[in-house]
Amino acid sequence: MRFGQVWESVPEAIGTMRYLVVSSNNYNSAFADRRVIAVEVDSRAIYEGSYREPIVDAGTAHLDRLVWITRRRLVELVAELHPDRHGAVTETIRGLIGDS
């Protein structure tokens, strides 16, 4: 799993969820591939805004909904964030967590 991939989870109480991975390969490997940092993706609609990132064929990533999730819960790769948007997403998340 790497930055920019959108994965669908195993069914949860409210059904499956989608997550955009926002941690790097190096960070993931430091934890023996057990967990990733991701943001929730609303698969029902495409929204734009300060903390929203539309992703083709996936929905809208909510960049202010950061989660720490075990890799075993992510079971299907469904889409990828366009590489041209990686920098903007990284900058927004760093701004939200105060790591400028």
Side-chain angles (χ1 to χ4, degrees):
M1 291 177 186
R2 67 179 198 275
F3 183 96
Q5 292 180 329
V6 178
W7 287 81
E8 197 158 82
S9 72
V10 296
E12 300 177 19
I14 59 171
T16 60
M17 293 285 295
R18 289 185 176 177
Y19 297 95
L20 170 65
V21 176
V22 295
S23 52
S24 71
N25 289 343
N26 292 336
Y27 179 86
N28 294 336
S29 63
F31 289 92
D33 292 341
R34 292 178 303 198
R35 298 180 183 190
V36 295
I37 298 172
V39 294
E40 294 178 5
V41 175
D42 180 351
S43 63
R44 297 169 291 165
I46 297 290
Y47 302 105
E48 292 189 24
S50 299
Y51 306 122
R52 308 288 179 259
E53 181 67 31
I55 303 172
V56 175
D57 297 330
T60 302
H62 294 269
L63 304 180
D64 55 346
R65 295 186 189 171
L66 206 58
V67 296
W68 178 260
I69 189 166
T70 57
R71 294 171 69 100
R72 72 182 187 289
R73 295 202 53 79
L74 304 177
V75 295
E76 183 181 355
L77 178 63
V78 295
E80 292 200 34
L81 177 65
H82 193 281
D84 290 348
R85 297 298 302 151
H86 286 200
V89 166
T90 298
E91 184 177 318
T92 299
I93 291 172
R94 284 184 173 169
L96 286 167
I97 62 173
D99 182 29
S100 309

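Note that these values count all heavy atoms, side chains included, but never hydrogens, waters or copies made by symmetry. Since we're looking at a predicted model, the values are computed, not measured.
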Apply side chain to side chain contact (heavy atoms under 4.5 Å, CB included) to [X] and list each qualifying residue two or more places apart in sequence or on a separate chain.
X: Leu66; answer: Val22, Ile37, Val39, Ile93, Ile97
X: Glu76; answer: Glu8, Val78
X: Ser9; answer: Glu12, Thr16, Met17, Tyr19, Leu74

With a 4.5 Å limit on heavy-atom distance, are the side chains of His82 and Val56 in contact?
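No; the side chains remain at least 4.5 Å from each other.
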Non-hydrogen side-chain atoms of Ile69 and Val36 separated by less than 4.5 Å:
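Side-chain contact under 4.5 Å: yes.
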Nearest-0.5 Å distance that lies between atom OG1 in Thr90 and atom CG in Leu63:
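Reported to 0.5 Å precision, the distance equals 9.5 Å.
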Minimum heavy-atom distance between [X] and [Y], given as atom pair plus value:
X: Arg18; Y: Ala58; value: NH1-O, 3.0 Å
X: Thr92; Y: Tyr51; value: CG2-CD2, 3.9 Å
X: Val41; Y: Leu20; value: CG2-N, 3.6 Å
X: Leu77; Y: Glu80; value: CD2-OE2, 4.3 Å

According to side-chain hydrogen bond (donor to acceptor under 3.5 Å, both in side chains), does anything in residues 56-67 pair up with another residue at least two apart or in another chain? List the pairs.
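Those involving residues 56-67 are Arg52-His62, Arg52-Asp64.
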Restricting to ring pair (Phe, Tyr, Trp, His ring centres under 6.0 Å), what partner residues turn up for His86, sequence neighbours left out?
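With sequence neighbours excluded, His86 shows a ring pair (Phe, Tyr, Trp, His ring centres under 6.0 Å) to Phe3, given in chain and number order.
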Other hydrophobic cluster members with Val75, side-chain heavy atoms of Ile/Leu/Val/Met/Phe/Trp/Tyr under 4.5 Å, chained?
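Its cluster partners, ordered by chain and number, are Val10.
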